[in-house]
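Start at 1 and go down the list; that is how both ligands and their atoms are numbered. Numbers here simply count residues along the sequence, with the first being 1.
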Amino acid sequence: MIGDRQDPYGAVVGTRGAYGGRETVVMVARRPNTMSTAGLNRLGLKRKDEAWLHEALSSPTTRFVPLCNGKVCVAGPPASTVLLETGTWEDVWLLGEAEGTTYVAVEIDEDTWAELPVPEGARLASLREVATLLPPLESNMLALAAGLSAWHRTNQFCGTCGAPTRPEAAGHVRRCTGCAKEHFPRTDPAIIVLVTDGDRCLLARGPQWPVRFASALAGFVEPGESLEDAVAREVFEEVGIVVDEVEYQSSQPWPFPASVMLAFRATAATTEITMDPTEIADAQWYSREDVADGIVNLPGSVSIARRLIDDWIAEGS
Ligand SMILES: [Zn+2]
């Protein structure tokens, strides 16, 4: 029974059937993070198949997913992604296939948006704001679409020779018109870590955050650095604490604009806090009870930070 097996940390060994028409055994977190649920076959092998793409764009089972100035287009409640059945578009980006429907993203401007035959109440929104409201497949697909959109907007020129770049491979490559170098979408890994010391955890507030807000520590992984080393470095740099027993929890696509969040728990080997004032305005140890009682305002449910904190609170109940 594939779906019933568990790994030593309690993660379910589940199945996702998006590839090859058969069940695929994957490790999934005990519950999926927002935007991370798959079920979308990204059709990576079709991206350079011009004949297939041409046919797909005129197929009645293809749906176009509009994006406008970095925002996604949603209708509802209940929230749903605005899907267009037809359109004449210059640049399209293949997102993938799910349950017999092929999805293609298309970037539009606000004038085009105003003229589209969209449902009443349809609006432009930040994916960050609506991700938790959307069905999992849609939030996952829009994470891909929003990430591609941001990447296309900021990679118009070659980083090697400076010449303009042009999209290829159904929007998953940009090729330089000068030196022919291929540029691929980037994803920047960032760690986020809940540091614990017995029955208390360390939460911190960045200088730009509202008063009473507190979250887990986070930072980007540097070149030449393992994830576990990045965890230890960020914690030491930001609050002066040494950690051991760094343990991976789960991950979440975070296309704002181009990250994947890798969540960890770590045990404090030292407990005296020495803040880096450029990064941290306040950092304190909080008891499980105080956090559960709302002594600080926690990040929203869209974030993996909230997942880390909620899971830790639940362990004490
Ligand atoms: Zn170039």
key: Charged tip of R288 within 45° of W312 ring normal and under 6.0 Å   = yes
inquiry  = Less than 4.5 Å apart, side chain to side chain, heavy atoms only: is that true for E85 and R63?
reply    = yes
Using atom types as modelled, flag every donor-acceptor pair under 3.5 Å from a side chain in residues 112-129 to any protein atom, sequence neighbours excluded.
{"unit_1": "T112", "atom_1": "OG1", "unit_2": "D109", "atom_2": "OD1", "d": "2.7"}
{"unit_1": "S126", "atom_1": "OG", "unit_2": "R128", "atom_2": "N", "d": "3.1"}

ask   = So among V104, L95, V82, which one has a side chain to side chain contact (heavy atoms under 4.5 Å, CB included) with V65?
value = L95
query = Under 4.0 Å between a Lys/Arg side-chain N and an Asp/Glu carboxylate O for E97 and K46?
reply = no
query = Tell me, which protein N/O/S atoms are under 2.8 Å away from the Zn ion (ligand 1)?
reply = C158 SG, C161 SG, C176 SG, C179 SG
request  = Would you mind reporting whether I304 and S250 have side-chain heavy atoms less than 4.5 Å apart?
outcome  = yes
